[in-house]
Amino acid sequence: MTNAIFPSKANDRLLMIFFIIVVLAGPIILAPFGAGYPDLLQRFAIFGIFAIGFNILFGLTGYLSFGHAAFLGVGSYSAVWMLKLLSMNVIPAIILGVVISGLFALVIGYVSLRRSGIYFSILTLAFAQMSYNLAYSVFTPITNGETGLQILLDDPRVLDGGTKPGELPLTNLFGIPMNATQKVEFLGMTLQFNFGFYFCAVILILAFYLSLRIFRSPFGLMLRAVKTNQNRLNYTGVNTRPYTLAAFVISGMYAGLAGSLLASMDPLAGAERMQWTASGEVVLMVILGGAGTLLGPVLGAGFIKYFENIFSKINDNVLHSWFAFMPDGLENVMVTLVHPFVGKGWHLTLGLLFMAIVIFLPGGLMEGFNRIWRKITSKRETATSDTSSDAASTPAE
Amino acid sequence: MSDFKLSRRGLLKTGAVAGAGLATPMFFTSAARAYTNEPTGSTVTLGFNVPQSGPYADEGADELRAYQLAVKHLNGEGDGGMMNTFSSKELKGNGILGKKVEYVTGDTQTKSDAARASAKSMIEKDGAVMITGGSSSGVAIAVQGLCQEAGVIFMAGLTHSNDTTGKDKKANGFRHFFNGYMSGAALAPVLANRYGTDRKAYHLTADYTWGWTQQESIAAATEALGWETVNNVLTPLTATDFSSYIAPVLNSGADVLVLNHYGGNMVNSLTNAVQFGLKDKQVNGKNFEIVVPLYSRLMARGAGENVKGILGSTNWHWSLQDEGSQAFVKSFGQEYGFPPSQAAHTVYCQTLLYADACERAGTFNPCGVAEALEGFDFDGLGNGPTHYRAEDHQCFKDVLVVQGKENPTSEFDLLEVVEVTPRAQVEYAPDHPMFAGGALGECNPGA
């Protein structure tokens, strides 16, 4: 038996297996696209977690938070402090990051969730911007302001004891450094299997699994009810606040997890992680991928990070080598034409793509995939076999 | 319903085990290379990491031009620029150690996070053996830390904070540019000479490592000559309107405004200050004065008329008459049609210095290169005899005190050199309190 909200368990199992295989094979799949290097792979996984968490709030309840970067930042700062004070082992850092951002989300959520719709968005945006400014200037002793919080040689690190003098220790998991990388030559490409990425990947898989369980649980159903018609729920005597607050805190903790992972991969935390542009980015990721779908947010996160890191690196030299086969005049014309859309113009390309997707595929990339899938297997599939069409038809309240 | 005998938990376990299994071989990190990104082919890749957006984008664009020019010269194209005047004659125009120089570029966005991500992709994806750039000390320090960790050399670009070679210095990081302390030491005597010794100064300071250390340096140097510091207000780097910061200056009783701002910040704050009529004011019976401790031609052009008569210090200026400067201005001008800025000059020098150090060391190994740079004495790069100090990887050379020209003859002829402060006057001990608290550590070749 399948329906829109609860597909069969076998389907979920297949989805999970598919997800695990794709994530673990990330370095192999992405290498041909020039994205198979550790730093970007780690970012894919980390921002995937961030987007999955955001989707629990936005995709299920329809509450559009415009301040989620604040939790990411709080997670990062807590984690770096743990790395500075306690140990370069990332476990305490991640635990503290998640706990602190959870508490922070509880406070902000408690206040913001008194309103819904645009007022909620503005409240969260205000809180996030406030946190950013505090981190930037007022809390300079804790956050080191614009320079960013970094680990130093003379940090206490009470659990680590003697590190080699004059050498900054590396973040590690029980002694295995996060930057340990195994390089393998394969079909002319260098595949880089990085420990930090696999650490993030395992956490991403766990985070995805947890989100799947939430989507399929009665709690998830209640959250969908909130999105569909909160008034009706209230009139039937259900108090929705605890549900929305729980969703907000869970999604804040996901963001904190992502933030502390960022700090674990690269022990630096800067205030710009909390800026409103960062909050907007996660909204874009989720909408681009498909709000309310399980895989969508991860896809969207990968899409945006790919643009930010690969497209922005394309300079005129690269363009010239692309069009080198053309006659000189034409080559220069092509380079001039393409130039505004690559390199520092990557925002422009991303913006155009985003517009195209929102206009033609309101359900995001997932809707696109589903349409293709339906074309292939047409006839017998019913329109209700995926959750994205349902998400697309009910825009956020 | 399905034939899967696998429970979800079982599946997860399998996933985790598979992950761990894939992770285990990573202890045996490829040992084939002696150091990070050892170039094995016929080319060597350098990473140019500059701000292409944000308040320092102008400087970043000029830096990139200079880098491209340096690569040309290293590869034997063009007229060779300062390679001909450089006191070390190791560079032959055949690349570095016979390998053709290639480069990759990235945008730091003047943000530490983005700069590190960009530098990381250069190291991990493009195989850059040296990273250089940065038009903000916050970024430079963040990237320097990353390069130390990754085991590549970092040749700092335009970074003026004391901390870059002070408490945040790193064994793999080198700075050719001067710093806040040197600005203070060079500027203070000129200020005392021009404006007297009983002045009250009000500081507006960019709120990050560079602003903090430069403000500290200028305040200390001027106070030593009898000035009083009335107030110091920190402004966000991202601010674009400074009116609300300028207004209180009027009623503070101060008669000098020190703008510890750079790039777009300085253009905006100076413009605001002039709009408020500060330049024409009389306070305490003296003319109100504005000082911009770190000056550049790009900023002077941005601020236009407003820079007239305003004092500051700079690392280098294109109007210098020595052989090296002339050669550089000539080849930069031929290439791009206008004279280079100090940012362009310092990054060009850094690229040449790195290439020369590789040649002298006979290797790209960061430890060999570092050894070749440490304590290196050279000349002919536009600043006179210069010394790369081994203790903190800071260059020591003459500092220029400059002033906005009253009657500029062209849109590039905006600054005039008031005084060339000799190197001896701006030198300090490596353990000077403003630079204490850090350690170089040991050079890290990675791998």
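None of these values were measured; they are calculated from a predicted model. Quick note on labels: first sequence line is chain A, next is B, and so on, each numbered from 1.
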| said: One pair to check against side chain to side chain contact (heavy atoms under 4.5 Å, CB included): B:Glu124 and A:Asn194. What are the steps and the verdict? | reply: CA-CA 11 Å; B:Glu124 292 175 356; A:Asn194 169 265; 5.8 Å; no
**Message:** B:Lys111 vs A:Gln275, test: side chain to side chain contact (heavy atoms under 4.5 Å, CB included). Steps then yes/no.
**Reply:** CA-CA 11 Å; B:Lys111 291 178 185 166; A:Gln275 218 175 352; 4.1 Å; yes
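Here CE of A:Met265 is found 13.0 Å from CZ of B:Arg116. Values are rounded to the nearest 0.5 Å. For the atom pair OG of B:Ser112 and CG of A:Asn144, the computed distance is 9.5 Å after rounding to the nearest 0.5 Å. The CG atom of B:Asp107 lies 11.5 Å from the CG atom of A:Asn309; values are rounded to the nearest 0.5 Å. Expressed to the nearest 0.5 Å, how far OH of A:Tyr37 lies from CG of B:Asp126 amounts to 8.0 Å.
The parts of B:Ser118 that come within reach of chain A are both its backbone and its side chain, each placing non-hydrogen atoms under 4.5 angstrom from that chain. There is no contact between A:Asn133 and chain B, counting heavy-atom distances below 4.5 Å. B:Lys167 does not touch chain A: none of its heavy atoms, backbone or side chain, sits under 4.5 Å away. At a 4.5 Å heavy-atom cutoff, the contact between B:Asp168 and chain A is made by side-chain atoms alone. B:Thr235 does not touch chain A: none of its heavy atoms, backbone or side chain, sits under 4.5 Å away. B:Trp210 does not touch chain A: none of its heavy atoms, backbone or side chain, sits under 4.5 Å away.
Of all non-hydrogen atoms in B:Asp113 and A:Glu272, the two that sit nearest each other are N-OE2, 3.0 Å.
Taking the side chain as every heavy atom from C-beta outward, B:Tyr208 and A:Thr140 never approach each other to under 4.5 Å. Counting only heavy atoms from C-beta outward, the side chains of B:Ile141 and A:Gln150 approach each other to under 4.5 Å.
A donor-acceptor pair under 3.5 Å is absent between the side-chain atoms of B:Glu149 and the main chain of A:Leu170, judged by distance alone.
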